[in-house]
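First up is the structure itself, then whatever we jot down about it.
Quick caveat: nothing in here was measured; it's all calculated off a predicted structure. Keep in mind that the numbers below use all heavy atoms, side chains included, and drop hydrogens, waters and symmetry copies.
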Amino acid sequence: MSSLPARAAGIRLADATRTFLGTIAAVNTRRAYASALDRMVRDFGADGDVGLLNPDRVSGWFDYVWGDKAPKTYNLRLTAVSAACATDAINSG
């Protein structure tokens, strides 16, 4: 993960992730993505402002949490976090 896109301030991380997950029609994909995003919300705080997420901190957190997992798990979690960070659901609530 090299960077997070610029996003509007004042959006709670929990709200942004819930909005993003609501855009995923496939139940299994939504469940798999929720695993990574729920962990992110738990670790960064539900009330955390997505506009204040530091890309280096998120990257370090990701490697710490998922770095020693199986490649398939690591890649799925990376896809979830990357997709969420790239979507308007995260960027604008």
Side-chain angles (χ1 to χ4, degrees):
M1 207 173 347
S2 59
S3 66
L4 297 171
R7 55 188 124 313
I11 300 168
R12 293 177 64 240
L13 183 57
D15 295 338
T17 57
R18 184 176 54 249
T19 299
F20 169 71
L21 291 170
T23 67
I24 300 172
V27 175
N28 288 337
T29 302
R30 186 173 50 248
R31 186 178 308 122
Y33 280 26
S35 177
L37 297 175
D38 288 349
R39 176 68 187 261
M40 187 176 187
V41 169
R42 186 173 72 233
D43 291 353
F44 283 90
D47 293 326
D49 186 334
V50 297
L52 301 177
L53 287 175
N54 177 290
D56 291 332
R57 185 168 177 228
V58 173
S59 180
W61 163 83
F62 187 88
D63 285 337
Y64 176 78
V65 171
W66 305 109
D68 64 348
K69 305 303 183 220
K72 183 177 178 180
T73 300
Y74 180 92
N75 288 328
L76 180 59
R77 302 306 185 251
L78 180 60
T79 299
V81 172
S82 296
C85 289
T87 186
D88 287 338
I90 296 291
N91 296 328
S92 62

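The two residues D15 and R18 make their nearest non-hydrogen contact at OD1-NH2, 2.6 Å. The nearest pair of heavy atoms linking A36 to R77 is CB-CD, 3.5 Å. The two atoms that bring V50 and A16 nearest to each other are CG1-CB, 4.0 Å, heavy atoms only. Minimum heavy-atom separation, A80 to L37: O-CD2, 4.2 Å.
Between Y33 and F20, the angle of the ring planes stays under 30°, which puts this pair in the parallel group of the 30/60° scheme.
At distances below 3.5 Å, not a single donor-acceptor pair connects side-chain atoms of S59 with backbone N or O atoms of P55.
Residues M40 and T17 are not in side-chain contact: their nearest non-hydrogen atoms beyond the backbone lie 4.5 Å or more apart. Looking only at side-chain heavy atoms (C-beta outward), L13 and D47 stay at 4.5 Å or farther from each other. Within the 4.5 Å cutoff, the side chain of N75 has no heavy atoms near those of the W66 side chain.
The distance from atom CZ of F62 to atom CZ of R57, rounded to the nearest 0.5 Å, is 16.0 Å.
Using a 4.5 Å cut-off between side-chain heavy atoms of Ile, Leu, Val, Met, Phe, Trp and Tyr, with links allowed through other members, Y64 and L76 fall into the same hydrophobic cluster.
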- Just do the side chain to side chain contact (heavy atoms under 4.5 Å, CB included) check on Y74 and D63 with the steps written out, would you? CA-CA 9 Å; Y74 180 92; D63 285 337; 3.1 Å; yes
